[in-house]
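These notes concern the structure reproduced below.
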Amino acid sequence: MNKFEKVVLITGCAGFIGAALTKRFLAENFKVIGIDNLNDYYDRQLKYDRLRDIENSVNNKKYLWDFFKISLENVSEIKNIFKKNKPNIVINLAAQAGVRFSIKNPDSYVNSNLNGFFNILENCKNYNVEHLVYASSSSVYGGNNDYPFTENQKIDKPLSFYAATKISNEMMAYSYSNIHNIPITGLRFFTVYGPWGRPDMAPMIFSKKILLREPISIYNYGKMSRDFTFIEDIVEGTYLCALKAPKNNNEKTNKNKIPNKIFNIGFGKPILLNYFIELLEENLSIKAIKKFEPIQPGDVEKTFSNTKLLEEWIGYKPTVSVEEGVRRFASWFLEYNS
């Protein structure tokens with residue numbers, strides 16, 4: 001008889017974080033139901049390759065892994081997945097990503113990030129899910145310059161529509177947790193990078209252009225810094241959070257007992273973009289051709305996470321330095337593109 005720990009539903013399983021997290025749960029003998037619509041926001045081939053990498057990791061335990069090509073906003077199909085599989089834990093990573101893309105394509109963010117997330121919340125309510133973990137973003141802090149960012153800061157001034165949808169997700173999750181007593185945890189991811197990363201993010205864009213000897217655009221004239229966080233640290237923190245649901249307390253009148261939490265998940269140290277590029281140059285053994293430009297609409301100059309609350313909750317302590325992380329990313333990038 002095939003045995004497994006629990007059933008975990010991961011949306012966005014062909015995405016950067018989703019694929020890596022799927023492999024983490026499979027390695028621990030969880031049954032994983034993966035959902036992804038495999039949209040064309042970026043090259044689908046990378047998504048197919050991630051799925052193949054997941055399948056290769058399962059080996060002789062194929063019963064642990066099921067994949068479904070579904071969009072979150074598809075009400076009937078998402079309901080059928082919940083009804084048939086009865087997941088214990090749901091991790092919602094599927095979303096329309098990208099700050100700049102949201103300026104010209106806001107409708108896709110409404111469909112996936114708002115309608116899709118509502119669909120997940122409804123099914124978590126209807127099928128008594130033990131814990132819902134969902135992806136928020138460091139972009140919710142907007143133009144806040146009170147560093148480092150802490151979870152109790154106001155998040156009422158988003159600089160992009162993408163950020164606005166993530167703030168909305170946090171509000172939606174809080175209300176469902178309050179009304180229906182669902183344990184829910186939101187994670188504000190800070191600039192995730194590493195092997196199998198997204199092609200629309202700086203590490204992949206820069207690396208590709210450096211190899212092709214094409215100029216790279218460096219916005220805000222290089223005066224940008226990001227809390228770069230290696231994928232391995234993100235996955236471990238998300239995994240441990242998923243296994244520790246906020247306490248479910250029936251005394252809903254006590255606001256402190258609502259089983260809803262929000263955490264920053266980052267490295268906890270802003271890295272100058274220019275230094276990150278220097279590390280890429282070193283590990284790719286090619287000098288970049290740099291083109292300095294003004295800051296773009298929706299961008300922020302700096303992100304910097306305070307992860308004390310997450311450390312207190314699950315003992316979270318990121319271990320991969322930016323020097324080691326870029327080395328590992330560059331090694332994968334060269335091999336994948338060879």
Q: Report the residues that fulfil side chain to side chain contact (heavy atoms under 4.5 Å, CB included) with Ala242, sequence neighbours left out, ordered by chain and then residue number.
A: Phe25, Ile89, Ile91, Val133
Q. Is a salt bridge present between Arg188 and Glu170, judged by a nitrogen-to-oxygen distance below 4.0 Å?
A. yes
Q) Under a 4.0 Å N-O cut-off, is there an ion pair linking Lys125 with Glu122? A) yes
Q: Treating Ile, Leu, Val, Met, Phe, Trp and Tyr as nodes and any side-chain heavy-atom pair under 4.5 angstrom as an edge, say whether Val140 and Phe189 lie in one connected cluster.
A: no
(Q) Is there a path of hydrophobic side-chain contacts, each under 4.5 Å between heavy atoms of I/L/V/M/F/W/Y residues, joining Met224 to Tyr141? (A) no
Q | Test: Arg198 and Asp200 ion pair at under 4.0 Å | A | yes
Q | Salt-bridge criterion met for Glu324 and Arg327 (N-O under 4.0 Å) | A | yes
Q | Basic-acidic side-chain contact under 4.0 Å: Arg50, Asp53 | A | no
(Q) The test is side-chain hydrogen bond (donor to acceptor under 3.5 Å, both in side chains); show your working for Lys31 and Asn85 and say whether it passes. (A) CA-CA 10 Å; Lys31 169 76 175 180; Asn85 296 282; 5.9 Å; no
Q: Please work out which of the three classes, parallel, tilted or perpendicular, describes the rings of Tyr147 and Phe149, given edges at 30° and 60°.
A: tilted
Q: Compute the ring centroids of Tyr176 and Tyr174, then answer whether they are less than 6.0 Å apart.
A: no
Q: Give a yes or no on whether Leu187 and Ile182 share a hydrophobic cluster (residues Ile, Leu, Val, Met, Phe, Trp, Tyr; joining criterion: side-chain heavy atoms under 4.5 Å apart).
A: yes
Q. Looking at Tyr42, is Lys47 sitting on its ring face, NZ or CZ under 6.0 Å from the six-membered ring centre and within 45 degrees of the normal?
A. yes
Q: Using a strict cut-off of less than 4.0 Å between a Lys/Arg side-chain nitrogen and an Asp/Glu carboxylate oxygen, indicate whether Lys317 and Glu311 qualify as a salt bridge.
A: yes
Q. Is atom CD of Glu335 surrounded by more than 12 heavy atoms (other residues, nucleotides or ligands) closer than 6.0 Å?
A. no
Q) Counting only heavy atoms not in Lys291, do more than 12 sit closer than 6.0 Å to its NZ atom? A) no
Q | Aromatic ring proximity Phe276/Phe228, centre distance under 6.0 Å | A | yes
Q.
Nearest 0.5 Å, please: how far is SG in Cys124 from CG in Asn119?
A. 10.0 Å
Q | Whether over 12 other heavy atoms sit under 6.0 Å from Lys84 NZ | A | no
Q. Taking only residues at least two apart or on different chains, which pairs with a member in residues 265-276 satisfy side chain to side chain donor-acceptor pair (under 3.5 Å)?
A. Tyr275-Glu323
Show me the donor-acceptor pairs within less than 3.5 Å that the side chains of residues 67-82 make with the rest of the protein, sequence neighbours left out.
{"from": "Ser71", "atom 1": "OG", "to": "Asn37", "atom 2": "ND2", "distance (Å)": "3.3"}
{"from": "Asn74", "atom 1": "OD1", "to": "Ser76", "atom 2": "OG", "distance (Å)": "3.3"}
{"from": "Asn74", "atom 1": "OD1", "to": "Glu77", "atom 2": "N", "distance (Å)": "3.1"}
{"from": "Asn74", "atom 1": "ND2", "to": "Glu77", "atom 2": "OE2", "distance (Å)": "3.3"}
{"from": "Asn80", "atom 1": "ND2", "to": "Ser76", "atom 2": "O", "distance (Å)": "3.3"}

Q. Atom CD1 in Ile231, atom CG in Leu21: separation rounded to 0.5 Å?
A. 8.5 Å
Q) Is the NZ atom of Lys308 crowded by more than 12 outside heavy atoms at less than 6.0 Å? A) no
